[in-house]
Amino acid sequence: DNPFSTIQSGIDASISGDSVFVGPGTYNESIDYNGKQIVVQSIDGPSNTNINYTGWVSGTVVFNSQEGTGAVLDGFSIIGESDGDGIYLGANTGPVLKNLVIQDKGKAINAGSSGSSVLITNVTLVRNDYGIYNYLSSLTVTNSIIWYNNSVPIFVSNSGSDIDISYSNIQGGELNIGGSGQVIWGEGNITDNPLFCDFDNNDYSLAENSTSIGMGALGVGCDPFGEY
């Protein structure tokens, strides 16, 4: 048996400063960084590397032990229909989240405790109840696409919560962000239909005529076409 057949086994064997490289495939598990400042990175990108979990846990991917910017999650699709979170961020965490597709979760990214400061870049959040849920944390979102979620794309709960958004495509724009926290609506944001190549079959790459190219986790995947 391969002792590193799961992502969690690679995390468990690592120490802070390590990188865990993950081959293509579907990994049926939830993972927890357990406080380690490590990079977990797919070698073949989110189109070919899935973390699939349908059970009820705090998150398919969990940061809950004050992980900082040395903790990086890069290049996965987080899938599996569940009311749980795609990524759960506990109190005083600060990981870097990039090149991710998250779908079919209660909250794609849930900063559910106070004091987190998180960089989120080139993510595609679709088909969730909420794209991002922020409670008393400070989040920075760049080059991302948040569309087709059941509730608001982003919820910023109240005073003490803030989010800085730039160069991203947010369905409905600033007016469609829920909650009473602070929203910094920066440069380069758009609200155009992203023109996913095959939304019905979970292909969130972009048509050649999409105005969202450079945003989200995936690049151009099909010829130009009219609005979906």
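Only a predicted model underlies this, so the values are computations on that prediction, with no experimental measurement involved.
The main-chain N or O of Trp185 is never found under 3.5 Å from a side-chain atom of Asp164 such that the two would form a donor-acceptor pair. Between the side chain of Gln37 and the backbone N or O of Gly68, at least one donor-acceptor pair lies under 3.5 Å. Put simply, the side chain of Asn50 never gets that close to the backbone of Asn52: no donor and acceptor are under 3.5 Å apart.
Side-chain contact between Phe21 and Val40 is absent, with no heavy-atom pair separated by less than 4.5 Å. Contact check for Leu218 versus Pro46: side-chain heavy atoms found under the 4.5 Å cut-off. The shortest side-chain heavy-atom distance between Ile146 and Ile154 falls under the 4.5 Å cut-off. At least one side-chain heavy atom of Leu195 sits less than 4.5 Å from a side-chain heavy atom of Asn209. Using a 4.5 Å cut-off on side-chain heavy atoms (C-beta onward), Asn110 and Ile87 make no contact. In this structure, Asp129 and Lys105 have side chains that are not in contact, with every pair of non-hydrogen atoms separated by 4.5 Å or more.
Val20 and Ile51 fall within a single hydrophobic cluster, where Ile, Leu, Val, Met, Phe, Trp and Tyr side chains are chained together by heavy-atom contacts under 4.5 Å. There is no path of hydrophobic side-chain contacts, each under 4.5 Å, that joins Phe76 to Val72. With hydrophobic clusters built from ILVMFWY side chains whose heavy atoms lie under 4.5 angstrom apart, Val61 shares a cluster with Ile109. In this structure, Ile177 is a member of the same hydrophobic cluster as Ile132, with clusters built from ILVMFWY side-chain heavy atoms closer than 4.5 Å. Cluster membership check: Val62 does not share its hydrophobic cluster with Ile7, using side-chain heavy-atom separations under 4.5 Å among Ile, Leu, Val, Met, Phe, Trp and Tyr.
By the side-chain contact (heavy atoms from CB on, under 4.5 Å) test, Asn34 is found to be paired with Gln8, Asp12, Asp32, residues two or more places apart in sequence or in another chain being considered. Every side-chain contact (heavy atoms from CB on, under 4.5 Å) that Thr211 has, sequence neighbours left out, goes to Ile190, Asp192. For Ser161, the side-chain hydrogen bond (donor to acceptor under 3.5 Å, both in side chains) test picks out Ser157, with sequence neighbours left out. The side-chain contact (heavy atoms from CB on, under 4.5 Å) search around Asn92 returns Gln66, not counting sequence neighbours. Judged as a ring-ring contact (aromatic ring centres under 6.0 Å, His included), and not counting sequence neighbours, the contacts of Phe63 are Tyr33.
Side-chain polar atoms of Asp44 and Thr49 form no donor-acceptor pair below 3.5 angstrom. There is a side-chain donor-acceptor pair under 3.5 Å between Tyr88 and Ser113. Tyr53 and Glu29 are not linked by any side-chain donor-acceptor pair at a separation below 3.5 angstrom, with hydrogens and angles left out of the test.
Atom NZ of Lys36 is surrounded by more than 12 heavy atoms from other residues, nucleotides or ligands within 6.0 Å. No more than 12 heavy atoms of other residues, nucleotides or ligands lie within 6.0 Å of OH in Tyr135, so this atom counts as exposed by the packing criterion.
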Task: Verdict with reasoning, Tyr167 to Glu187, per side-chain hydrogen bond (donor to acceptor under 3.5 Å, both in side chains) - done: CA-CA 6 Å; Tyr167 300 100; Glu187 295 184 350; 3.0 Å; yes
Task: side-chain hydrogen bond (donor to acceptor under 3.5 Å, both in side chains) between Asn169 and Ser212, worked out - done: CA-CA 7 Å; Asn169 188 347; Ser212 298; 2.8 Å; yes
- [ ] Decide side chain to side chain contact (heavy atoms under 4.5 Å, CB included) for Leu206 and Ile145; before the verdict, give the C-alpha distance in whole Å, the side-chain angles of both, and the deciding distance to 0.1 Å.
- [x] CA-CA 11 Å; Leu206 303 172; Ile145 300 173; 4.0 Å; yes
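Between Cys197 and the choices Asp203, Val220, Asp223, the side chain to side chain contact (heavy atoms under 4.5 Å, CB included) rule is met once, by Asp203. Considering Phe196, Tyr148, Trp147 as possible partners of Tyr204, the one that fulfils the ring-ring contact (aromatic ring centres under 6.0 Å, His included) test is Phe196.
Of all heavy-atom pairs spanning Asn134 and Asp162, the tightest one is ND2-O, 2.9 Å.
Of the inter-residue distances, the one linking Asn189 atom CG with Ser168 atom OG reads 5.5 Å to the nearest 0.5 angstrom. Rounded to the nearest 0.5 angstrom, Ser205 OG and Ile213 CD1 are separated by 10.5 Å.
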Solution key, residues 115-124 side-chain donor-acceptor pairs under 3.5 Å, sequence neighbours excluded:
{"residue": "Ser116", "atom": "OG", "partner": "Gly90", "partner atom": "O", "Å": "2.7"}
{"residue": "Ser116", "atom": "OG", "partner": "Thr93", "partner atom": "N", "Å": "3.3"}
{"residue": "Ser116", "atom": "OG", "partner": "Thr93", "partner atom": "OG1", "Å": "2.9"}
{"residue": "Thr121", "atom": "OG1", "partner": "Thr142", "partner atom": "OG1", "Å": "3.0"}
{"residue": "Asn122", "atom": "ND2", "partner": "Asn143", "partner atom": "O", "Å": "3.3"}
{"residue": "Asn122", "atom": "ND2", "partner": "Gly214", "partner atom": "O", "Å": "3.2"}
{"residue": "Asn122", "atom": "ND2", "partner": "Gly216", "partner atom": "O", "Å": "3.0"}
{"residue": "Thr124", "atom": "OG1", "partner": "Ala217", "partner atom": "N", "Å": "2.9"}

